Amino acid sequence: MALLNTILQATNFRTHFLRTIVPSVGLAYGIQAAVAIPSIIFQTERFYDLSGSLTYLSCTALSLYLPVVRARSAARAAGHALPPWPSILASIAGAGSPTAWNWRQVVLSAAVSLWAARLGTFLFARISADGRDSRFDRIRGRPAAFAAAFAAQATWVSLCLLPVLAVNAIPATALAKLPALMATDALGLALYGGGLAFEGVADAQKSRWVKERKEEKHSEEFLTRGLWSKSRHPNYFGESTLWTGIATAAAGVMMSNVGQAGMGFAGGPAGKMGALVMAGVSPAFVTFLLLKASRLVRLASSLTDIDCRSLVCL
């Protein structure tokens, strides 16, 4: 409890935005450091991708619960009754206590969590079956380079999560003043749903193709069936699309007058441009990673079948 109070006091910044962003980013680097140490010692990449998903889930949860933790800590110190923990159902319905979440915070956090859980388990199952990941062949035995991969993953998580962390930093009482449903909400969630489905189907088709190749049911060098006949990397397309959806939904909130005030921004053109940049950095960084970094890795090495949905390919 003393450690928690120390952390809360150290991160008790003037704005809700910094009170949420700083601890969440700190947690990202903390988790990656904790996983990096044994991974470097035993020279294993087995838990690299899984730790990335865990970091997404943990930072998202922290950003949601931090305001309530702070309120309960303050009430405990003052000898007052503790505010109740938020109810997801009450938050979605727009009811509950002043510590409840806004439905947008719940839905965007759930969107990230669903994506992280699906991709993390998919990649972990794949490396468990293969026994190794060829992306790490050149750095597995180099502690500094291996540690840099974990630090890069923490940076990746922080940048991609930035719009969701920003929305979660805005007090739910302020978000309640927004219209029940905005155009950016509908568009963003539609893009997310389509992107997630596209990525999931593409991954399933590739897994089946790889399994059939190992069983010598075919000798094809490249997958050209299903979604892979329409796009060279449909899983990457789905990844970029779903993050664009999350950023679109978040940008609508962050650029509104309510969002600007809730984050402690001025609300003028500069503040709204800053919000747009913070929302856009997520899909822009993901798209750069998928389109540019993966191509550079293939040109510079003999790897032909890598997965760049993590920072190690940089």
Side-chain angles (χ1 to χ4, degrees), residues 20-21 24 52-53 55-57 59-61 63-64 88 91-92 101-123 156-170 175 178-204 227 230-231 233-256 258-259 262-263 272-292 294 307-311:
T20 298
I21 296 295
S24 299
S53 293
T55 303
Y56 271 104
L57 294 170
C59 292
T60 301
S63 67
L64 272 178
I88 293 179
S91 299
I92 293 177
W101 299 305
N102 180 263
W103 74 265
R104 292 176 175 86
Q105 295 171 320
V106 174
V107 171
L108 287 178
S109 297
V112 170
S113 299
L114 177 61
W115 166 83
R118 190 208 72 82
L119 184 60
T121 53
F122 168 76
L123 294 177
W156 171 54
V157 172
S158 301
L159 289 176
C160 287
L161 267 185
L162 189 56
V164 177
L165 297 179
V167 170
N168 288 349
I170 302 171
L175 293 177
L178 290 172
L181 183 68
M182 301 188 297
T184 49
D185 296 326
L187 177 60
L189 293 178
L191 286 171
Y192 168 81
L196 184 68
F198 209 87
E199 181 182 51
V201 171
D203 280 339
L227 294 180
K230 310 298 181 184
S231 169
H233 296 289
N235 51 350
Y236 287 5
F237 173 79
E239 180 90 352
S240 181
T241 300
L242 71 88
W243 282 110
T244 299
I246 290 174
T248 299
V253 176
M254 296 164 63
M255 295 180 67
S256 68
V258 168
M263 291 188 296
K272 293 188 177 182
M273 180 57 67
L276 182 61
V277 170
M278 283 194 297
V281 71
S282 175
F285 187 67
V286 168
T287 303
F288 167 79
L289 175 67
L290 298 178
L291 296 183
K292 299 299 182 181
S294 62
D307 197 320
C308 276
R309 282 173 290 181
S310 73
L311 252 288

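All residue numbers refer to positions in the sequence shown, counting from 1. Everything numeric here is computed off the predicted structure, so don't read it as measured data.
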For the student: nearest non-hydrogen atoms of [X] and [Y], plus distance:
X: Asn235; Y: Ala202; value: N-CB, 3.6 Å
X: Met254; Y: Met263; value: O-CE, 3.5 Å
X: Cys59; Y: Ser24; value: SG-O, 3.2 Å
X: Trp101; Y: Leu64; value: NE1-O, 2.9 Å
X: Thr55; Y: Val157; value: CG2-CG1, 3.8 Å
X: Pro234; Y: Phe198; value: O-CD2, 3.3 Å

Check: Above 12 or not: heavy atoms from other molecules or residues under 6.0 Å from CD1 of Ile88?
Finding: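 At most 12 heavy atoms, drawn from other residues, nucleotides or ligands, come within 6.0 Å of this atom.
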Quick one: does [X]'s side chain get under 4.5 Å of [Y]'s, heavy atoms only?
X: Phe237; Y: Leu227; result: no
X: His233; Y: Leu290; result: no
X: Thr184; Y: Met255; result: no

Enter the distance from [X]:[atom1] to [Y]:[atom2] here, rounded to the nearest 0.5 Å.
X: Leu165; Y: Ile21; atom1: CG; atom2: CD1; answer: 4.5 Å
X: Tyr192; Y: Leu196; atom1: OH; atom2: CG; answer: 4.5 Å
X: Leu189; Y: Leu242; atom1: CG; atom2: CG; answer: 12.0 Å
X: Leu161; Y: Trp243; atom1: CG; atom2: CH2; answer: 5.5 Å
X: Asp203; Y: Glu199; atom1: CG; atom2: CD; answer: 5.5 Å

Just distance, no hydrogens or angles: give the donor-acceptor pairs under 3.5 Å from side chains in residues 245-252, sequence neighbours left out.
from, atom 1, to, atom 2, distance (Å)
Thr248, OG1, Thr244, O, 2.7

Notebook entry, point to check: Counting only N and O atoms by type, is there a donor-acceptor contact under 3.5 Å from the side chain of Ser53 to the main-chain atoms of Ala116?
Noted result: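 Indeed, once roles are kept as given, a pair shorter than 3.5 Å links the two residues.
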Notebook entry, point to check: Counting only N and O atoms by type, is there a donor-acceptor contact under 3.5 Å from the side chain of Ser282 to the main-chain atoms of Ala279?
Noted result: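 Not at all, since once roles are kept as given, no pair shorter than 3.5 Å links the two residues.
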Checklist line | Set of residues satisfying side-chain hydrogen bond (donor to acceptor under 3.5 Å, both in side chains) with respect to Ser240, sequence neighbours excluded | finding: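 Partners of Ser240 by the side-chain hydrogen bond (donor to acceptor under 3.5 Å, both in side chains) criterion, ordered by chain and then number, come out as Thr287.
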Notebook entry, point to check: Which is it for Cys160 and Tyr56 under the side-chain contact (heavy atoms from CB on, under 4.5 Å) test, yes or no, and what are the steps along the way?
Noted result: CA-CA 9 Å; Cys160 287; Tyr56 271 104; 3.3 Å; yes
Residues 102-112 side chain polar contacts: donor-acceptor under 3.5 Å, at least two apart:
from, atom 1, to, atom 2, distance (Å)
Asn102, OD1, Arg104, N, 2.9
Trp103, NE1, Ala180, O, 3.3
Arg104, NE, Asp185, OD1, 3.2
Arg104, NE, Asp185, OD2, 3.0
Arg104, NH2, Pro179, O, 2.7
Arg104, NH2, Asp185, OD2, 2.8
Gln105, OE1, Asn102, N, 2.9
Gln105, NE2, Val167, O, 3.1
Gln105, NE2, Asn168, O, 3.4
Gln105, NE2, Ile170, O, 2.9
Ser109, OG, Gln105, O, 2.7
Ser109, OG, Asn168, ND2, 3.1

